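Following: one structure in structure tokens, then a few remarks.
As a basis for the values below, the full set of heavy atoms in this structure was taken, side chains included, without hydrogen atoms, waters or symmetry mates. If you're wondering where the values come from, they're calculated on a predicted model, not measured in any experiment. Nothing fancy with the numbering, it's 1 onward along the sequence. All ligand and atom numbering here is 1-based and tracks the order in the structure.
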Amino acid sequence: MKILGIETSCDETAVCLIEGTGDFGPDFNFKILGNALASQAQFHAQFGGVFPAMAKREHSKNIVPLLKDVFEQCGIAPTPRTPLGAPRGLSLETVLEREPELLRQLVPLLETHGRPDVDAIAVTVGPGLEPCLWVGVNFARALSLVWNVPVVAVNHMEGHIVMSLMRLEKDSGSMQKFEFPVLALLISGGHTELILMRDFGSYEYLGRTRDDAAGEAFDKTARLIGLPYPGGPEIARRASAARAAGEVSDAHLPRPMIKEDNFDFSFSGLKTAVLRATEGKTLSETEVRKISREIEESIADVLVEKTIRAASAYGANTIVLGGGVSANTYIRERFADRMSNEANASYLLSSPPGYSTDNALMIALPGYFRAQRREFSHVSDLIANGNLRLTI
Ligand code: KG4
Ligand code: ZN
């Protein structure tokens, strides 16, 4: 079965076509037929964060060229121009009423490319920035109408979890070895969540951040010490240099909620503490490295401690790390170290390199499993929901 995945929930626009075989489990295999992504990180860097209205405009501008790129990668060649017939039901103009730029680019692409061999279109419907999500949703609706292909609504967080369960070699992949229940720690710019996955499609929230997300803590503290957005990789690079040089910060930052008997997090205090430690000072490069190390270690301490405690409380011996922050090498190593000393936790899984941050493969994959279960949405029922939750 061939699935076209679409992702526009935050600041990455992405399109991916996969072919999958087998059901969720050890016999599942997939091939990436085409995969394209446009990151807006550099665009947003000048403003120090993602502004939804601007991100939406970038998605509208970028998504059709990405689909064209995927067509080229799969060898779908242009055909002589054939004007689109009127689709049954809704017109393209109605579906893309709020995306005029997208419509302007999409019509000529569809007129010069026949219907590709696709069995379903999977699109992120939430959680995320609602104006951004709508671009992907409307794009999926338009393609579904023109090609007469069903659509599957995908939860972005399920995408991160499923992605981390995969092993990838070049352009093909399969599932890693793991056992249910799986405990997923999803750490990104918008989320910090501990989720228990009992089976594909069955999720329970164990804890979440009460204020800033882990990625947000990296991004905001980075800004305070003069580093550009996105702050995570910037802090990570300096923290690692500080460790290599044996440089230790004079300031000790808090480890918020580390001792509390629950699985929630709170990272907003970190920003205040960094502000206090650095206020009125011009930091030297060494001082920036030292404080970066302390920021990274404070976030890692809390994430590791609470996750390991939740794994033991719920008898989960598989821990999955997903979301942009899980690209952090130090955090991954801290988990690996800690788990090597735990009797129960045996599998530590994280996304293949390059797939921790948002992409469309992570949407196409759960889309495939849901399409197999025929969990299609009617085009007019497909709506974006910024606060979408995973369910049991
Ligand atoms: O999952 P993602 O691409 O987007 C969403 O927020 O959904 O995550 C982006 C976040 C940003 O906050 C960024 O600073 C953080 O992931 N990040 C990292 C690293 N790479 C990206 N944080 C720490 N260490 C990294 N190496
Ligand atoms: Zn994400």
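Relative ring orientation between F30 and F28 is described as parallel, the plane-to-plane angle staying below 30° on a 0-90° scale split at 30° and 60°.
Where the criterion is an N or O separation shorter than 3.5 Å, residue side chain and backbone included, A236 fails it with respect to ligand 1. Ligand 1 has a nitrogen or oxygen under 3.5 angstrom from a nitrogen or oxygen of N328. At least one N or O atom of G324 sits closer than 3.5 Å to an N or O atom of ligand 1. For ligand 1, the polar-atom distance check against G323 finds no nitrogen or oxygen pair separated by under 3.5 Å.
Among all non-hydrogen protein atoms, the one lying nearest atom 22 (N) of ligand 1 is G232 CA, 3.3 Å.
Heavy-atom proximity to D219, at under 4.0 Å, picks out these atoms of ligand 1: 11 (C), 12 (O), 13 (C), 14 (O).
Ordered by chain and number, H156 NE2, H160 NE2, D358 OD1 make up the set of protein N, O or S atoms under 2.8 Å of the Zn ion (ligand 2).
Summarising the hydrophobic clusters (Ile, Leu, Val, Met, Phe, Trp, Tyr; side-chain heavy atoms under 4.5 Å, direct or chained), the residues clustered with L129 are V50, Y229.
Look at E234 and you'll find every heavy atom at least 4.0 Å from all atoms of ligand 1.
Checking I235, V325, D358 against atom 2 (P) of ligand 1, the nearest heavy atom belongs to D358.
Remark: E285 CD is loosely packed, at most 12 non-hydrogen atoms of other residues, nucleotides or ligands lying under 6.0 Å away.
Using a cutoff of 4.0 Å between basic side-chain nitrogens and carboxylate oxygens, R338 and D301 are not scored as salt-bridged.
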